[in-house]
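Quick caveat: nothing in here was measured; it's all calculated off a predicted structure.
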Amino acid sequence: MKMKYIVTGFLLLSLLLLKNDLKAQTKSEIGRHRNIIDDGNVKREYTEAKNNKNEIQVLFSGLFLFYKTFVSSQDQSVCTFTPSCSEFGILSVKQYGMIRGGMMTMDRLTRCNGLSPSNYELEKKTMLLKDDPREKKYVPIVSIVN
Amino acid sequence: MRRVLCLILIISSVAVHGQTIDQTLSFANTLFEKKEYSNAVEVYKRVLFFDQNGEYGREIYKNIADCLYNTEKFEDAANYYELAFFSESSDSVKNEINFLKASCYLILRQYDYAQIELLNLTDSLYSGQSRKRDYYEGMVYFAKDEFAASEKSFKSQVSDTTIIHKLFRKNDRISRISPKKAKILSMIIPGLGQFYVGDIKNGLNSMILTGGLFYLGIRAGLNNSFWEAGISTLPWFQRYYTGGFTKAEKIAQTKIKERRYKVYNQLLDELEKQPGSH
Amino acid sequence: MTVVLLFPFCNGFSQDLYTYENSKKFGEYLLKSGQFDLATKEYERLVFLNSSNDSLKLNLIKAYRLSGKFDTGLLRVSQLYPETAEMPFPHAMEYSKILMNKRSFPEAVSFWNESKSIPAEDKILLKTTTLIFDSKFKNAQAQLSQFGNVQNPLAAGYQSILDRGLNGKKKSPFLAAALSTIVPGTGKAYTKNWKDGLISFVFVGVMAFQSYRMFNKHGINDARGWIYGTIGTGFYIGNIYGSAKSANDYNRKKINTLQHEASALFNTYY
């Protein structure tokens with residue numbers, strides 16, 4: 001009986017303690033300092049345009065990528081939101097279909113005026129207003145305090 | 001797998017049999033030596049908690065900091081190095097701690113703090129430490145764009161300075177790229193600034209886009225009225241024209257960063273080739 | 001910071017750091033100093049050493065909740081108390097909080113229905129809370145009206161929240177959409193988003209005007225007229241949708257404020 005407890009103990013403790021990290025890789029002292037300055041790489045992958053499920057999504061993703069590569073790339077960053085209007089467009093069309101997604105996007109374009117910042121949450125890192133079609137608007141519940 | 005089993009045995013033997021503070025410490029040290037850093041931190045923290053007279057702190061702080069450093073928690077590591085520094089009496093060890101702290105701050109890209117750590121080194125350095133100081137100073141100066149000082153530090157670490165010299169000349173040429181010039185060039189002819197910094201794709205893109213809008217505007221103006229052309233195409237032309245030259249400036253800044261990063265890593269490659277490199 | 005926190009706790013203990021008593025002290029310290037992940041490990045060990053102590057189990061569940069490992073927490077509860085209905089009150093509260101954090105409202109309600117340790121009054125309060133969180137104010141009112149004690153601060157607070165939620169003026173999405181159908185932008189103005197409304201009006205107006213002008217000048221077969229017309233129609237329809245959404249947002253924001261208030265009341269009470 002006691003043996004059984006000890007074995008359970010082994011397993012429990014090992015599970016708890018080992019899942020952290022055993023990797024602890026040793027980098028050379030020089031290797032550690034290779035990225036201490038900015039590499040200037042600003043390329044971004046457009047995941048929004050991936051995993052298309054039908055022809056309409058392929059078409060809109062193509063338009064989106066064309067716009068991002070050849071038009072938006074030549075623009076100043078003018079959109080007041082994150083995700084930006086074009087990203088919002090492709091995301092909402094994918095999630096809600098062409099008709100509702102289209103309406104949402106047209107509405108979003110008129111809202112992209114920066115006049116009512118109090119209507120949205122601010123993303124501090126980019127200083128852009130949050131407006132994501134994927135997000136369900138839940139309230140924080142029992143807060144984690146005590 | 002054998003490592004995992006071994007660890008299970010060690011930990012559970014501790015848990016089942018219990019340990020004094022000294023035994024716990026030596027257990028933590030065993031984990032530390034086995035490079036089980038995050039497990040070691042947990043055990044060290046336990047020792048610190050039960051260390052009522054503060055006798056063990058001196059011994060432990062540096063190890064905790066090393067564990068955190070090796071698990072890439074550099075901010076916490078820097079704080080524990082601070083504690084280790086003040087509980088340490090040997091100058092040689094203090095210098096080593098300063099180097100590690102400088103390393104933390106460099107990785108966190110807080111270059112000024114890193115520099116302060118290097119200024120805190122004692123005047124007389126121990127064997128190998130002066131080369132290490134050059135190594136860290138070279139990096140700090142490079143990161144802070146103080147290239148002449150960086151060159152000096154890098155050169156003092158190698159026996160043959162020709163390659164280092166060449167790399168710093170290459171770096172000087174990067175300094176000649178002017179974001180402002182790129183901007184002005186693109187103001188004169190859209191796309192020109194992008195060509196100047198070597199970004200053909202964006203240069204052509206900007207040229208065709210603004211050129212196309214310009215053509216549309218002129219055509220509409222000739223066919224209808226210029227007032228109409230003004231309200232229909234001018235806003236778009238203006239948007240991508242100003243977008244073009246602000247982008248040209250940004251592209252230039254990015255190119256500078258990209259090339260500097262490359263040169264910097266080539267410098268480190270050179271150091272790595274040195275016998276007895278870090 | 002952590003190190004500074006360590007010292008006040010260092011007093012009188014025996015030498016063996018892994019004894020039950022010492023582990024308990026260390027576990028308490030970890031929980032108090034916010035190192036919840038480490039605390040879960042310590043309490044797992046303690047519960048293993050003494051599987052009959054309820055206060056250790058309570059701290060274990062709490063540590064799982066505070067470290068955000070809700071699923072592990074629920075799993076451990078079901079292992080420690082196979083008869084969940086029999087769980088002591090504090091444990092039942094911890095379990096409830098985990099379920100509420102996960103928004104597993106149906107599970108929470110069926111747990112409260114069965115629980116033998118939670119008093120009937122608390123059950124009503126808990127159910128009211130979840131209904132408020134779930135934006136079902138009418139059901140919440142029905143639930144709360146079963147509560148007898150008017151002196152109870154939480155019940156009184158909830159009553160005030162529900163009064164405001166049920167009687168407060170709402171904006172009708174249908175009216176907003178209808179207004180915007182007649183005059184673009186007015187629906188948004190009605191929901192107090194007059195700036196967005198004005199922009200919509202200008203967008204639709206300019207496009208309609210341009211389209212009209214093009215058709216007028218170049219006839220019905222002119223492509224530009226159709227392009228402006230299509231874009232304008234897009235903005236027009238988008239704005240009708242946006243006005244209804246704006247009304248819903250307006251209502252939701254009011255409810256959100258009340259839900260935050262309820263959340264704060266709940267946390268101070270329990």
Side-chain angles (χ1 to χ4, degrees), chain A residues 1-2 4-21 80-81 85 88-89 92-93 96-121 129-133 135-146, chain C residues 36-37 40-41 44-45 48-49 51 62 65-68 96-98 100-103 129-130 133 135 184-185 188 193-204 231 233-243 245-246 249 252-253 255-260 262-264 266-268 270:
Chain A
M1 192 62 194
K2 201 173 179 186
K4 196 177 127 196
Y5 275 114
I6 291 172
V7 171
T8 329
F10 277 175
L11 293 175
L12 200 65
L13 280 162
S14 52
L15 265 176
L16 282 167
L17 287 162
L18 287 174
K19 73 174 178 211
N20 270 347
D21 55 355
T80 51
F81 289 112
C85 288
F88 183 97
S92 51
V93 166
Y96 298 101
M98 201 169 65
I99 293 171
R100 188 166 166 202
M103 291 198 295
M104 286 170 78
T105 310
M106 290 313 262
D107 173 53
R108 163 71 173 261
L109 286 171
T110 57
R111 283 188 290 118
C112 187
N113 50 44
L115 297 174
S116 329
S118 59
N119 283 353
Y120 310 92
E121 228 179 292
L129 302 170
K130 281 194 230 174
D131 183 33
D132 195 323
E135 231 168 62
K136 284 195 178 167
K137 316 240 154 137
Y138 282 144
V139 234
I141 325 299
V142 188
S143 64
I144 298 184
V145 199
N146 35 34
Chain C
F36 303 123
D37 274 326
T40 56
K41 294 178 187 181
E44 278 292 3
R45 227 171 56 77
F48 170 70
L49 291 172
S51 54
K62 197 173 183 177
R65 174 171 68 84
L66 294 174
S67 62
S96 306
K97 282 184 184 176
I98 295 183
M100 287 162 90
N101 266 308
K102 278 194 64 175
R103 291 190 76 92
T129 316
T130 44
F133 286 168
S135 308
K188 283 185 181 168
N193 259 335
W194 65 269
K195 286 174 192 162
D196 281 349
L198 187 66
I199 299 285
S200 298
F201 180 77
V202 171
F203 271 43
V204 177
I231 300 173
T233 314
F235 279 127
Y236 175 73
I237 296 171
N239 177 56
I240 296 173
Y241 173 87
S243 300
K245 181 174 169 287
S246 175
D249 283 349
R252 208 196 58 240
K253 229 174 251 175
I255 287 180
N256 270 12
T257 319
L258 296 173
Q259 285 169 328
H260 276 284
S263 179
F266 179 88
N267 280 322
T268 37
Y270 286 110

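- Put simply, the side chain of C:Pro184 does not reach to within 4.5 Å of the side chain of C:Ser200, judged on heavy atoms.
- Counting heavy atoms from C-beta outward, C:Phe266 and C:Met100 have side chains that approach closer than 4.5 Å.
- The pair C:Lys245-C:Asp249 meets the salt-bridge criterion, since a charged nitrogen lies less than 4.0 angstrom from a carboxylate oxygen.
- Applying the salt bridge (Lys or Arg N to Asp or Glu O under 4.0 Å) criterion to C:Lys102, with sequence neighbours excluded, gives C:Asp71.
- Judged by distance alone, the side chains of A:Asn119 and C:Asn193 do bring a donor and an acceptor atom under 3.5 Å apart.
- Only the side chain of C:Phe203 comes within contact range of chain A, with at least one heavy atom under 4.5 Å from a heavy atom of that chain.
- If you check the side chains of C:Asp196 and A:Asn113, you find a donor sitting under 3.5 Å from an acceptor.
- Of the listed residues (C:Lys188, C:Arg252, C:Lys253), the one with the most heavy-atom contacts under 4.5 Å to chain A is C:Arg252.
- Annotation: residues 97-105 of chain A contacts chain C through A:Arg100, A:Met103, A:Met104 [non-hydrogen atoms, separation under 4.5 Å].
- Residues A:Arg111 and A:Thr80 form no side-chain contact, since every pair of their non-hydrogen atoms from C-beta on lies 4.5 Å or further apart.
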